[in-house]
Amino acid sequence: MVAAMDIKVTRIERSKLNDVSLENLPFGKYFTDHMLEAEYENGKWTNVEIKPYQPLVLDPSLAALHYGQSIFEGIKAYKDADGEAFIFRPYDNFKRFNTSAQRMNMPEVPEEIFIEGMRQLIALDKNWIPNKKDHSLYIRPFMFATDQILGVRPSETYKFLIILSPTGPYFPKPMNILVEERYTRAAPGGVGFAKNAGNYGGSMLAATKAQQQGYDQVLWTDAFEHKWLQEVGMMNVFFVIDNVALTPSLEEETILHGVTRNSVITILQEMGVKVEERRIHIDEVVNAHIEGKLQEVFGTGTAATIAMIQKLKYKDYVMEFNEANWALSSKVKANMDAIKERKVADTHGWLLSI
Ligand SMILES: *Cc1c(COP(=O)(O)O)cnc(C)c1O
């Protein structure tokens, strides 16, 4: 544990919680009373502050807006039946945040700001954590370049913020997915493994075009052949073939190192399911479907936890999956929920108490 650093706290006068219902919450629409803000200048982090949630005043020449040095994280906090609050695996997000920072040529954020600051902020806004099934407090840490100059070079100043949003289920319905053969999300040597804002910006056209054809999202493929599978939308992807769970391996740096992906692999292995992390070719998936061996396809990510896929289309070939066969993904979700709801022991040390 790192000693709590000196964080200036300014409390809101009247909580907005009086005006918001924590029932039927859309994802990321409402924000809590407070936010954390810190500034990086002259090679160090200063002015670490928790204050009322409020707009930022930014110069039009702000470096992040022009050249895209902007990264973020997504984490969730839960409340158990006794009203105790926990954050799910924040140290993994903390490490990944600094990996993203390195790749985008941005400064690292120290643990006493990222983790301790987050804990203090959540403690202050603890009443905002919903304790309904599939609801949580979504935590959004982010950092962006703040130099006010149009010259192209790494910014020398940055802002780091944490905002909090009480939220309900992200993908209530199973998804229809199109295998993407034209656009590319990530290539070796690129920034696909970093959680930077531009990855999302670059992905939106493909998703919109898929939606025009009646699909929800795309299954990303490699940049060279458009055959090797990467991720589904902004989630990691799993295939269950002949009772073995397959997920693309991380070594090419084209895939985000999902915390949910890692949790799902751990839980599957504990359930006695064989997991293979390796390259996966679309033909392998199609052939497995033709042979009747493709049982389940699902996406994993903090926002959705596990998102079932009911339909997957590659060229003219449509694969459909029946809810009745989603045994494995449902079991993994139930086991993960049991840990988050503290119905079973947290044997992996995944929960950080507020
Ligand atoms: C955030 C993200 C994920 C999911 O990561 P989690 O740590 O499980 O939330 C997967 N893919 C992409 C591209 C992402 O940005």
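Every number for a ligand or one of its atoms is a count from 1 in the order of the listing. Note that the numbering runs from 1 along the sequence shown for the chain. What's counted below: heavy atoms across the whole structure, side chains too, no hydrogens, waters or symmetry copies.
Heavy-atom contacts from other residues, nucleotides or ligands closer than 6.0 Å to NZ of K331 number 12 or fewer.
Taking every heavy atom of G258 and a limit of under 4.0 angstrom, the matching atoms of ligand 1 come to 5 (O), 6 (P), 7 (O), 8 (O). Set against the non-hydrogen atoms of V259, the atoms of ligand 1 under 4.0 Å away are 6 (P), 7 (O), 8 (O). Which parts of ligand 1 touch E231 is read off a 4.0 Å heavy-atom cut-off, strictly below it: atoms 10 (C), 11 (N), 12 (C), 13 (C). Below 4.0 Å from some heavy atom of N236 lie the following atoms of ligand 1, by number and element: 10 (C). Taking every non-hydrogen atom of M234 and a distance limit under 4.0 Å, the qualifying atoms of ligand 1 come out as 2 (C), 3 (C), 10 (C), 11 (N), 12 (C), 13 (C), 14 (C).
Shortest contact from atom 14 (C) of ligand 1 to any protein heavy atom: K195 NZ, 3.0 Å. Shortest contact from atom 4 (C) of ligand 1 to any protein heavy atom: G301 CA, 3.8 Å.
The shortest N or O to N or O distance between T260 and ligand 1 is below 3.5 Å. Polar contact check, T302 against ligand 1: a nitrogen or oxygen pair lies under 3.5 Å apart.
Taking the side chain as every heavy atom from C-beta outward, T266 and H348 approach each other to under 4.5 Å.
When each of K8, K51, Q54 is tested with E37 by the rule side chain to side chain donor-acceptor pair (under 3.5 Å), just one qualifies, namely K51.
In this structure, Y138 has its ring center at least 6.0 angstrom away from the ring center of Y30.
Note on ligand 1: E73 sits outside its first shell, no heavy atom being nearer than 4.0 Å. For the pair R185 and ligand 1, a heavy-atom separation below 4.0 Å is found.
Relative ring orientation between Y53 and F31 is described as parallel, the plane-to-plane angle staying below 30° on a 0-90° scale split at 30° and 60°. Aromatic ring pairs are classed by plane angle as parallel below 30°, tilted from 30° to 60° and perpendicular above 60°; the pair F114 and F97 is tilted.
Remark: K16 does not engage D125 in a salt bridge, criterion side-chain N to carboxylate O under 4.0 Å. Salt-bridge check for K315 with E181: passed, with a basic side-chain N closer than 4.0 Å to an acidic carboxylate O.
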